[in-house]
Amino acid sequence: MQCPKCESELQSNVIADIEVEECPSCKGIWFDKDELRRVKDKADADLNWMDFEIWRHPELFEVSEKPSPCPACGSEFVAIDYGQTGVEIDFCPSCRGVWLDAGEMEKIVAALSHELLSMSSSDYVKESLKEAREIVTGPDSIASEWKDFTTVLRMLQYRLLGENPRFGSALASFQAKTQF
C-alpha cells in the first residue's frame, strides 16, 4: 500500500497489539475498519467504553471531499473535521478505513480524555444506564459490555466523590467504623 500523503510505501507496525500500516516518511497511520477503535481502547483503559465512532456526534463534524485515494481500495477519501479537536480524519466510505496524519491519534485520545473529565454526575448516570442496556443488546460480547459498564460506574464514583468531598469523608469514616 502507498501513503495517500507522500506516496511512500506503508510498512506494518504494531500499536497496542494491533497491526496497522504506517508511513515511514510522514508518520501517518492507516487503520483498517475497526482498528482505530481497538487501538483507542488499548491506549487508555478508562476510555474503552467511549466509542469513538466517526459519526457519534454528527453535529460536531464538517465533512468535505478529499482528493486522495484510499490506500486499501482506491476510493476517494472524505475529510471529517472533528469539532474543536484539530483532528481531520480521512475516512474511506467504501472500506471504512481511516487515515490519521502524524499526531492525530494522540489528539483523539486527548479529546476523549477531556470529554471524560468534563462529564457531570448526571452524564455518568445516563451513560451507566446506556451501558447497562448494552450488556444485553450491545454489539460486543457480554464480557466486553460488562467491562464497559463497570468502567462507567467507577468513573461515576470518582465524579461523585470529586463533586461531594464531604460524602467521601463520611463514607471513609463509615468504612473505618464497620471494619472488624
> Mind checking what makes side-chain hydrogen bond (donor to acceptor under 3.5 Å, both in side chains) contact with S12, not counting sequence neighbours?
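Here the qualifying residues are E19.
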> Looking at residues at least two apart in the chain, or sitting in another chain, which of them share a side-chain hydrogen bond (donor to acceptor under 3.5 Å, both in side chains) with E21?
none
> Within a strict 4.5 Å, meaning less than it, do heavy atoms of the F77 and F91 side chains meet?
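A side-chain contact under 4.5 Å is absent here.
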> Just checking I142: does its CD1 atom have more than 12 heavy atoms from other residues, nucleotides or ligands closer to it than 6.0 angstrom?
no
> Would you mind reporting whether S75 and C95 have side-chain heavy atoms less than 4.5 Å apart?
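Contact flag for C95/S75 side chains = no.
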> Kindly compute the distance separating OG (S121) from NZ (K126), expressed to the nearest 0.5 Å.
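It is 11.5 Å, given to the nearest 0.5 Å.
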> Within the side chain of E76, is there an N or O that forms a donor-acceptor pair under 3.5 Å with the backbone of S68?
yes
> Pair C70, S94 - check side-chain contact (heavy atoms from CB on, under 4.5 Å), show working.
CA-CA 9 Å; C70 169; S94 295; over 6 Å; no
> Test side-chain contact (heavy atoms from CB on, under 4.5 Å) on E22 and Q11; report intermediate values, then the result.
CA-CA 5 Å; E22 183 175 11; Q11 297 177 349; 5.9 Å; no
> Not counting sequence neighbours, list each pair that qualifies as a salt bridge (Lys or Arg N to Asp or Glu O under 4.0 Å) and has a residue in residues 3-14.
K5-D90, K5-D101
> Please enumerate all residues that pass salt bridge (Lys or Arg N to Asp or Glu O under 4.0 Å) together with D123, with sequence neighbours excluded.
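D123 satisfies salt bridge (Lys or Arg N to Asp or Glu O under 4.0 Å) with no residue once adjacent residues are dropped.
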> Is a side-chain donor or acceptor of R159 paired with a backbone partner of M119 at a separation under 3.5 angstrom?
yes
> Which pairs would a plain distance check flag for residues 23-33, meaning a side-chain donor or acceptor within less than 3.5 Å of a matching protein atom at least two apart in sequence or in another chain?
{"residue": "S25", "atom": "OG", "partner": "S8", "partner atom": "OG", "Å": "2.9"}
{"residue": "K27", "atom": "NZ", "partner": "P24", "partner atom": "O", "Å": "3.3"}
{"residue": "W30", "atom": "NE1", "partner": "D32", "partner atom": "OD1", "Å": "2.7"}

> Is E127 salt-bridged to K130, going by a charged N under 4.0 Å from an acidic O?
yes
> Do M105 and V39 have side chains that get closer than 4.5 Å, going by heavy atoms?
yes
> Who are the side chain to side chain contact (heavy atoms under 4.5 Å, CB included) partners of T150, not counting sequence neighbours?
W146
